[in-house]
Amino acid sequence: MDGEFLIGLDAIKKFRLCQDENLRISQKQENTKLVKKSNFSKMSAKKIDEIIQKNEKIFAKSKFDIGTVKGYEATVKLTENRYISKKPYKCSFQDKAEIENQVEELLNADLIEESSSPFAAPVTLAYKKEEGKKQKNRLCMDFKELNKIIVPESQPFPRIEDLTVRARNCKFFTKLDVNSAFWSIPIRAKDRYKLAFVTHNRHLQWKCLPFGLKSASAIFQRVLAGIIKKNKLDAFTVNYIDDILVFSKTYEEHLQHVDIVLQILHDQGFKLNKNKCQFAQERITYLGHEIENNMVKPINDNLVAIKNFPIPTSITHIRQFLGKVNFYLEFIPNHVVLLDPLRNLLRKNVTFHWSEECRNSFNLTKQFLCTVPALAIFDPEAPIFIFTDASNKGVGAILKQPQKDNSLKSVFFFSRKLTDAQKRKKAIYIEALAIKEAILYWQFHLIGKKFIIFTDHKPLENFNIKKCSDMELVNILNYISMLDFDIIYNPGKENSEADCLSRNPVLEPREDTELDYAIRTSNLLKLIDIKENQKALRVDDKCIIKENIIYKVLNKREKIWITEDFGKSLIKDMHVDQGHIGTKQLILTFGQKFYFKNMYKHIKMTCRSCETCIKNKSRIGCFKAPLSQLGPAKEPFEIISIDTIGGFKGNKSTKKYLHLAVDHFTRFTYIVTSKTQMAKDFINLIKKIEKNGNIKLILSDQYPGINSTQFKQHLSKQNIALVFTAVDCAFSNGLNERTNQTLVNRIRCRIYEHREKSWPQIAEECTQDYNNTIHSSTGFTPNYLLTGSNKSFLPDELNDNNLSNLISNREIAFRRSKQIHDQNKEYYDKNVKRIDYKVGDLVYVQSVNKLNKDKLDPIRTGPFRIKKKISDVMFLLNSRARKNESNIFHASKLVPYFDDALHRS
């Protein structure tokens, strides 16, 4: 194989596409081209040409000309019973058209069918080199999430060492390539729904084995290897997934072997890609090796990263090299003397000078690193550990394996330079690139095996691809995700070997991969679209034209100038495509390169009017309501607020709840503890208060026990009014919330010190202490303001003697409380963006019942219409709740509805 990989293919296996029919040369010329590298006579070439013509039916006419393997159906088994469903990826109109064209071709070829499956994998397009040009012609499935729960298929793959033995004394080689190989394997009918995928407007599923499935390579390897063995072809034929190698000792024997293999493959239902086949060669490339008579030579030099390690030019380079060498000192004889010239350069007051002695030390050390015993021989049966690293210069990796003595020895080294574009990428991108490049380089040692990647970049260990908006990074991770490996974090100080290689890379950068090219060019903002939408613009003195694109020069920066309608369309698409980014991020992303009339206004309105954002984002602008207050109470028992706290079970008691009532004027607190939150518990609390006075009004959250008929009837008998706070609005009962915190903290502290007491007993003690502690708002203790008695902690001699006039002190307490409230309101309202809601307005409402709500459920519901304005901050909505009070919401829970039609006009 030529080492090119395909995104979404298990084991990073390439598949090849047949060139268009009208680009082919005549059949005879094509057949001659397939054998032109051999030094045969014209008669010999004619014989192999006859074999090819004889078996012409096996060669595919296009990439959709697929055979069907007879007598086998692939199965898809899952480790857990759950669905994997993702939304279609955003793409341009041109890409959508290309995807639909390919879907139609797949339907016409009977490879896919319509689906109603709960599974759904997104698709994308990738590029493939065709005659030196990059053309977008691959429809790729993103099965990354599905692959995580697929039961892996265990299947051995051929090793180059085994092939060397089997092909001993063979002089002639033919390489055959199965056309769109995996599609030849049908999928069991009851498993097809698991392989469903979605385009922007269709839901389909595969009838055959798709590329990108984790188990696809192993399944295909098992099927084809089984056919070869069953038909007794294994004496002269081997396959590595869809690459088939036929080897023979003589030319006449080779003709027979090739003819037999072609006939059997045709009978079994396979089709071959003639453009990728090579016939009767004396030297051929297979499994990353050049093979000829009794000679096998690897294409990649796994030690080149050390052999060509650059000569150090600074103290930093010396330190990096010696840091790597330190891992191998036990294998370097007399290393103290050998490395002394290099270590001498690190000493203080020594001028850096690369002498002959340094050069000899450097070269000899490299030789030791590339030889036994410092280097181990690759063992296909041993565990594989790959250590990777990336720097601003390149990427590096080391493949290591444990030995019989439990030591971990290096087997291969690798390093490659970065392109200028890659050097500008984020750290996580080039760290992921290091993993990808290492896998590409050692692909034939890794395919079909489980291995472990060690990286010093912590985010890659548990990377959540769903939260990533960088599509280049997502596609690199999708690219490598089909292999069977784990990523483990390895701190930088323990990863110095790979770090040394990445900072001193050897191999030149590879040109843009097909994947990189696809991401870079299949952008939402196509130049062809921009040109089309610039026709209505009038060029002025602030415009310049480059390559027929109009740029507006603003603040000495050139920005692509587009029409207002086109701009609104683009920012809306970008807002959604980039994960519903906010106004600032949209301006930074879009505004750096583009400009159109009223751009900032439209960006702001796009984010404001997005229903998805309003319903699902926790922060949507600043729509707080001004601070309000019920009352204020001017005497005891005028307003009592009730609340309840749970979670107290244990601590020497079976009771779970603390029911609490606070008098708004005095701040005096009453409590009742119980096992339930029923109406009887709140009635007991009210009766406890009524022993001291007559309650006029109760403020409470909408607990079922308080909202019950039984509790309301008791209040009605006592002529007590009941006011509910707005739905899910704890701060409407702020006095209780603050008292709750204070009491719970006191109870927690005292339980910590007195574990022999039950929590209800401690709660009563803490409540008494609270009522006899000076309150910061009134300046008096709650007990004094309620009863006139002062149970101070201080001795009588130190107590204030000005407590005799209770009426006067109550007036002072009222003024102090009001003053503090007014100060808090002024501070709170300073930055409040007040919305003047009116009857008939549409609003979104924050979802209630948080305890029973899943983490990813929408945060808001609606829009609902306002039916009645109860106060400046309380509104009755048409939210369809059963009880009328459950339709009352505080203004802080509302988000205004912005009509996107105004934005579109």
Side-chain angles (χ1 to χ4, degrees), residues 301-377 385-401 403 405 407-418 423 427 430-431 434 437-438 441 454-457 490-509:
D301 185 350
N302 290 309
L303 304 179
V304 68
I306 298 299
K307 292 177 181 177
N308 295 351
F309 195 94
I311 296 174
T313 58
S314 68
I315 292 176
T316 300
H317 293 162
I318 292 289
R319 188 175 288 112
Q320 291 169 356
F321 180 73
L322 291 177
K324 175 172 180 53
V325 172
N326 285 338
F327 286 85
Y328 305 93
L329 293 181
E330 61 179 301
F331 305 116
I332 302 176
N334 204 16
H335 61 82
V336 176
V337 176
L338 176 63
L339 297 174
D340 185 66
L342 300 179
R343 288 172 174 157
N344 184 60
L345 295 176
L346 300 180
R347 296 187 175 99
K348 292 183 179 181
N349 303 321
V350 174
T351 304
F352 184 88
H353 173 64
W354 191 250
S355 63
E356 184 69 17
E357 189 178 22
C358 292
R359 184 180 67 82
N360 292 335
S361 173
F362 178 67
N363 290 335
L364 190 56
T365 302
K366 289 198 300 181
Q367 290 179 27
F368 280 118
L369 295 180
C370 295
T371 57
V372 178
L375 201 66
I377 304 299
F385 305 120
I386 298 177
F387 297 79
T388 67
D389 189 59
S391 71
N392 58 359
K393 294 181 179 179
V395 296
I398 302 171
L399 190 152
K400 295 187 175 186
Q401 290 187 294
Q403 305 303 302
D405 61 356
S407 64
L408 192 63
K409 279 192 177 183
S410 298
V411 180
F412 302 137
F413 301 102
F414 162 76
S415 69
R416 189 183 295 281
K417 299 175 184 177
L418 295 176
K423 291 176 182 178
I430 59 173
E431 294 287 354
E437 291 288 349
Y441 200 74
F454 291 90
T455 176
D456 63 359
H457 197 70
N490 189 40
K493 61 182 180 180
E494 299 177 16
N495 201 38
S496 57
E497 277 195 279
D499 177 81
C500 174
L501 295 177
S502 71
R503 296 181 186 278
N504 298 274
V506 171
L507 297 176
E508 292 300 316

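When reading the values below, keep in mind they use all heavy atoms of this one structure, side chains included, and skip hydrogens, waters and symmetry mates.
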| query | Just wondering, are more than 12 heavy atoms of other shown residues or ligands nearer than 6.0 Å to CD in Glu357? | reply | no

| Do you know the tightest heavy-atom contact between Lys393 and Arg503? | CD-O, 3.5 Å

| message | Any heavy-atom pair between the side chains of Val350 and Asn344 that's under 4.5 Å? | response | yes

| message | Could you tell me if the side chain of Leu399 sits less than 4.5 Å from the side chain of Phe414, heavy atoms only? | response | no

| message | Contact between Gln401 and Leu408 at the side-chain level, heavy atoms closer than 4.5 Å - yes or no? | response | no

| said: Please report the interatomic distance CD(Glu437) to OG(Ser415), rounded to the nearest 0.5 Å. | reply: 11.0 Å

| message | side-chain contact (heavy atoms from CB on, under 4.5 Å) for Ile318 and Leu346? Distances and angles first, verdict last. | response | CA-CA 8 Å; Ile318 292 289; Leu346 300 180; 3.7 Å; yes

| message | Here's one to test your reading of the geometry: is the NZ or CZ of Lys366 within 45 degrees of the ring axis of Phe309 and under 6.0 Å from its centre? | response | no

| Can you check side-chain contact (heavy atoms from CB on, under 4.5 Å) on Phe321 and Thr365, steps first, answer last? | CA-CA 10 Å; Phe321 180 73; Thr365 302; 3.9 Å; yes

| request: Might you confirm whether atom CG of Asp405 has over 12 heavy atoms from other residues, nucleotides or ligands at distances under 6.0 Å? | output: yes

| note | Of all heavy-atom pairs linking His353 and Cys358, the shortest is O-SG, 4.0 Å

| Looking at Asp499 and Arg319, does any basic side-chain N land under 4.0 Å from a carboxylate oxygen? | no

| said: So Phe362 and Pro312, do their side chains get closer than 4.5 Å, heavy atoms only? | reply: yes

| Does any non-hydrogen side-chain atom of Pro505 lie less than 4.5 Å from one of Arg416? | no

| message | Aromatic contact between Tyr441 and Phe412, with the criterion being ring centroids under 6.0 Å apart: yes or no? | response | no

